[in-house]
Amino acid sequence: MRAIDFHVHLPTPEWLDVSMAGYTEVAERYFRSQVSRRTIAEVAAEYEQLDIVALLLAWDAESATHRPRLSNEYVAQAVTDFPGRFVGFGSVDPLKGDEAVLGVERIHQLGLKGVKFHPSIQRFAPDDERFWPVFARCQELRLIGLFHTGTSGIGAGTPGGQGIRLDYCRPIRLDAVAAEFPDFQIVAAHFGFPWHDEMLAIALHKTNVHIDISGWAPRYIPATVVRELKGRLQDQFLFGSDYPFIQPHRCLDELEQLDIPAPVLEKLLVGNGARLLGL
């Protein structure tokens, strides 16, 4: 495989027009990207052509957004239908309490590899111990936790940011989680901008914290992040695009302009992700 894309949203009507109703158009303006609706088969064909494995993300923010979820079963079926092309992460709504813990167990039963959290959209603070039973179950079941960190294209450029609070996604909130659950493998999406130095410090301190570079065209990634990607944290960085808002082929093309040594680039694109996912 050429790469593992650790951050892929399905651009189907079920997500863009239902789970993301009212958010999609704002995100398109932020990313300066018009998103085309596609079937799962079309997404699989696109990633097949690129020789990339796509990590698909479910979505459950029902309590905070009052919008239907993109179910874990939906993502699991896509993985089943296109083996070798897709892997999947489920999603649970931490505000649902015990139901969220049961949801983690269901994700494991479905054969998905991890759980996606978006604290700003889901309106919860990861360092609030009320939510830690969810993370404890993830750790017990060896499920990876992928957390949105930093700013958000969803809600950007609107009054009140559509009610979305960025502070829930500040990287330091993950530090307590990583300390309390050392066997819980955490992926911090989008490297926590504008708190990226904070994010790097946490990853340098805790080896169960990994960073994906999705959500950014690589040429715009801050220099401090690129330096650590090439150096001390080269075993903890993961490739990701944030498809469909950013295209993976663009990311791959721009990464080639960053003078990343070939062995380090291989870790970023394939090695680190394959090891973490157990592929």
Side-chain angles (χ1 to χ4, degrees), residues 1-11 38 40-59 72 75-91 107 110-117 138 142-149 184-191 203 207-218 221 225-226 228-230 233-256 258 260-279:
M1 73 187 89
R2 186 180 180 191
I4 300 170
D5 188 339
F6 238 81
H7 210 100
V8 177
H9 298 287
L10 279 168
R38 295 181 181 272
I40 294 173
E42 288 172 334
V43 176
E46 185 173 350
Y47 273 84
E48 178 77 27
Q49 184 176 16
L50 293 169
D51 192 23
I52 299 175
V53 170
L55 194 156
L56 307 182
L57 303 172
W59 185 273
N72 302 319
V75 169
Q77 188 62 54
V79 174
T80 297
D81 290 344
F82 297 94
R85 185 52 50 207
F86 294 150
V87 295
F89 276 24
S91 177
I107 288 168
L110 288 168
L112 300 174
K113 296 285 188 178
V115 185
K116 165 68 187 297
F117 300 98
C138 288
R142 299 293 181 182
L143 291 172
I144 301 161
L146 191 153
F147 292 78
H148 181 105
T149 62
F184 182 30
Q185 299 301 317
I186 293 170
V187 177
H190 320 311
F191 55 81
T207 58
N208 57 320
V209 174
H210 315 266
I211 301 171
D212 89 30
I213 60 170
S214 68
W216 285 70
I221 296 176
V225 175
V226 175
E228 296 297 352
L229 182 158
K230 294 179 180 180
L233 289 174
Q234 62 183 263
D235 294 322
Q236 289 166 252
F237 267 91
L238 302 162
F239 172 71
S241 65
D242 215 357
Y243 181 92
F245 297 106
I246 299 180
Q247 297 298 314
H249 62 81
R250 175 186 179 182
C251 296
L252 291 172
D253 289 345
E254 292 189 13
L255 280 172
E256 293 180 359
L258 297 183
I260 301 172
V264 177
L265 186 60
E266 191 280 334
K267 290 181 182 181
L268 173 69
L269 295 179
V270 178
N272 294 341
R275 183 182 69 251
L276 191 59
L277 294 168
L279 299 183

Please confirm whether the backbone N or O of [Y] pairs with a side-chain atom of [X], one donor and one acceptor, at under 3.5 Å?
{"X": "T149", "Y": "A189", "value": "yes"}
{"X": "H9", "Y": "Y243", "value": "no"}
{"X": "N72", "Y": "I107", "value": "no"}

To the closest 0.5 Å, what do you measure between [atom1] ([X]) and [atom2] ([Y])?
{"X": "L112", "Y": "L55", "atom1": "CG", "atom2": "CG", "answer": "9.5 Å"}
{"X": "Q77", "Y": "L110", "atom1": "CD", "atom2": "CG", "answer": "10.0 Å"}
{"X": "M1", "Y": "D51", "atom1": "CE", "atom2": "CG", "answer": "8.0 Å"}

Taking every non-hydrogen atom, the tightest pair across [X] and [Y]:
{"X": "T207", "Y": "Q236", "value": "CA-NE2, 3.9 Å"}
{"X": "V8", "Y": "A54", "value": "CG2-CB, 3.9 Å"}
{"X": "R2", "Y": "L50", "value": "CD-O, 3.6 Å"}
{"X": "V115", "Y": "C138", "value": "CG2-SG, 3.8 Å"}
{"X": "G215", "Y": "I246", "value": "C-CD1, 3.3 Å"}
{"X": "D5", "Y": "S241", "value": "OD2-OG, 2.6 Å"}

One pair to check against side chain to side chain contact (heavy atoms under 4.5 Å, CB included): V225 and I211. What are the steps and the verdict? CA-CA 10 Å; V225 175; I211 301 171; 5.8 Å; no
Taking the side chain as C-beta and beyond, is there a heavy-atom pair between [X] and [Y] under 4.5 Å?
{"X": "L146", "Y": "H7", "value": "yes"}
{"X": "W216", "Y": "F191", "value": "yes"}
{"X": "L229", "Y": "L258", "value": "no"}
{"X": "E46", "Y": "R85", "value": "no"}

- Between F6 and F89, is a side chain to side chain contact (heavy atoms under 4.5 Å, CB included) present by the stated rule, with each step listed? CA-CA 10 Å; F6 238 81; F89 276 24; 4.3 Å; yes
Given the options L269, V270, D212, F239 meets side-chain contact (heavy atoms from CB on, under 4.5 Å) only with L269
Here the salt bridge (charged side-chain N to carboxylate O under 4.0 Å, His left out) pairs for residues 243-254, sequence neighbours left out, are R219-E254, R250-E254
Applying side chain to side chain contact (heavy atoms under 4.5 Å, CB included), run through W59 and L10 and close with a yes or a no. CA-CA 10 Å; W59 185 273; L10 279 168; over 6 Å; no
Could you check, using the six-membered ring where one of them is a Trp, whether Y47 and F82 have ring centers closer than 6.0 angstrom? no
Residues 271-279 side chain polar contacts: donor-acceptor under 3.5 Å, at least two apart:
{"unit_1": "N272", "atom_1": "OD1", "unit_2": "R275", "atom_2": "NH1", "d": "3.3"}
{"unit_1": "N272", "atom_1": "ND2", "unit_2": "Q234", "atom_2": "O", "d": "2.8"}
{"unit_1": "N272", "atom_1": "ND2", "unit_2": "F237", "atom_2": "O", "d": "2.9"}
{"unit_1": "N272", "atom_1": "ND2", "unit_2": "K267", "atom_2": "O", "d": "3.4"}
{"unit_1": "R275", "atom_1": "NH2", "unit_2": "D235", "atom_2": "O", "d": "2.9"}

